[in-house]
Amino acid sequence: MKITAYFLLILLLLSACELEKTGTKSYSESEPNDYDSSANLIKTDGTKYEGELISGDRDVFYFDTETYERYDADVNWVSGSSLDLVFAFYDSTGSIIGSAIDSNYSEEDESGWLETNADSGTVYIAVWNYYSSSSGSYTIEVTRSESSQYADDNTKADGDAGSYSPAKE
């Protein structure tokens with residue numbers, strides 16, 4: 001009986017996450033997650049999350065920051081998708097921190113970073129497709145490390161997508 005219970009527990013844990021060919025854990029975003037109030041928590045340890053954008057969709061994730069830390073974000077399109085991914089960091093007031101991140105090319109990976117100052121708090125990441133009429137899959141991961149400098153909140157990106165105003169529900 002104990003062996004069966006342990007076996008079932010192991011199967012349940014394995015079904016809670018997917019294992020990629022590399023053996024690393026991967027999680028899927030949960031819909032709906034279009035607003036701050038329904039945002040998905042994202043780990044900052046480099047865990048990969050899989051997402052899908054449908055026409056006109058956007059996905060919102062959040063994480064809690066610590067003081068004087070750097071957060072690297074990578075948003076990557078999945079082969080077979082025709083997305084022009086864009087993402088932005090923003091705070092709980094809906095204000096973008098830095099600029100929206102977009103390399104201005106379809107089927108290009110996006111990366112950017114955020115460094116925090118003496119304040120900590122919740123940061124949101126919104127991911128959307130520049131061309132809202134197309135659909136496709138992507139992955140996102142955030143990795144936390146010690147800040148290389150003690151500076152005001154700032155971001156660095158591959159490109160600039162212009163303005164973006166996160167919708168509040």
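What you are looking at is a predicted structure, and each value in this text was computed from that prediction instead of being measured. Start at 1 with the first residue, then count along the sequence.
- Using a distance-only test at 3.5 Å, with no hydrogens or angles considered, a donor-acceptor pair links the side chain of Ser55 to the main chain of Ser132.
- Atoms CD and CD, from Glu69 and Glu146 in turn, are 6.5 Å apart once rounded to the nearest 0.5 Å.
- In summary, of the residues considered (Asp109, Asp59, Asn76, Asn129), a side chain to side chain donor-acceptor pair (under 3.5 Å) with Tyr138 occurs for Asp59 alone.
- For the atom pair CG of Leu53 and OG of Ser135, the computed distance is 8.0 Å after rounding to the nearest 0.5 Å.
- Taking the six-membered ring where the residue is Trp, the centroids of Tyr124 and Phe89 are separated by 6.0 Å or more.
- Ile140 is not listed as a side-chain neighbour of Asp74, based on a closest heavy-atom distance of 4.5 Å or more.
- Judged purely by atom type and a 3.5 angstrom limit, Thr44 has no side-chain atom pairing as donor or acceptor with the backbone of Thr143.
- A donor-acceptor distance shorter than 3.5 angstrom exists from the side chain of Thr116 to the backbone of Glu66, with no hydrogens or angles considered.
- The side-chain heavy atoms of Thr65 and Arg144, taken from C-beta on, include no pair separated by under 4.5 Å.
- Closest non-hydrogen pair, Ser81 versus Ser137, comes out as OG-N, 2.7 Å.
- No continuous path of hydrophobic side-chain contacts links Leu85 to Val78 [ILVMFWY only; heavy atoms under 4.5 Å].
- Between Val60 and Tyr62, the closest side-chain pair of non-hydrogen atoms is not below 4.5 Å.
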Derivation of the side-chain contact (heavy atoms from CB on, under 4.5 Å) call for Lys43 and Tyr49: CA-CA 9 Å; Lys43 295 179 181 184; Tyr49 292 79; 3.2 Å; yes

Dump the intermediate steps for side-chain contact (heavy atoms from CB on, under 4.5 Å) on Glu31 and Asp57, then the final yes or no. CA-CA 10 Å; Glu31 291 287 352; Asp57 187 24; 3.4 Å; yes

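- Annotation: cation-pi geometry satisfied between Arg58 and Tyr35 (NZ/CZ under 6.0 angstrom from ring centroid, within 45° of ring axis).
- At a threshold of 4.5 Å between non-hydrogen side-chain atoms, the residues Val86 and Ile101 do not count as touching.
- Across all non-hydrogen atoms, the minimal contact from Phe87 to Glu110 is CE2-CB, 3.7 Å.
- Two residues are said to be in side-chain contact when any heavy atoms from C-beta on lie closer than 4.5 Å; Tyr71 and Phe63 meet this criterion.
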Give the C-alpha distance, both sets of side-chain angles, the deciding distance and a yes or no for side-chain contact (heavy atoms from CB on, under 4.5 Å) between Phe61 and Val127. CA-CA 8 Å; Phe61 301 88; Val127 178; 4.3 Å; yes

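- No donor-acceptor contact under 3.5 angstrom links the side chains of Asn40 and Tyr27, judged on distance only.
- Looking at Thr139 and Val75, their side chains never come closer than 4.5 Å, going by heavy atoms from C-beta outward.
- Nearest heavy atoms, Ile125 versus Ala73: CD1-CB, 4.5 Å.
- Using a 4.5 Å heavy-atom cutoff, the side chains of Asp72 and Ser111 are not in contact.
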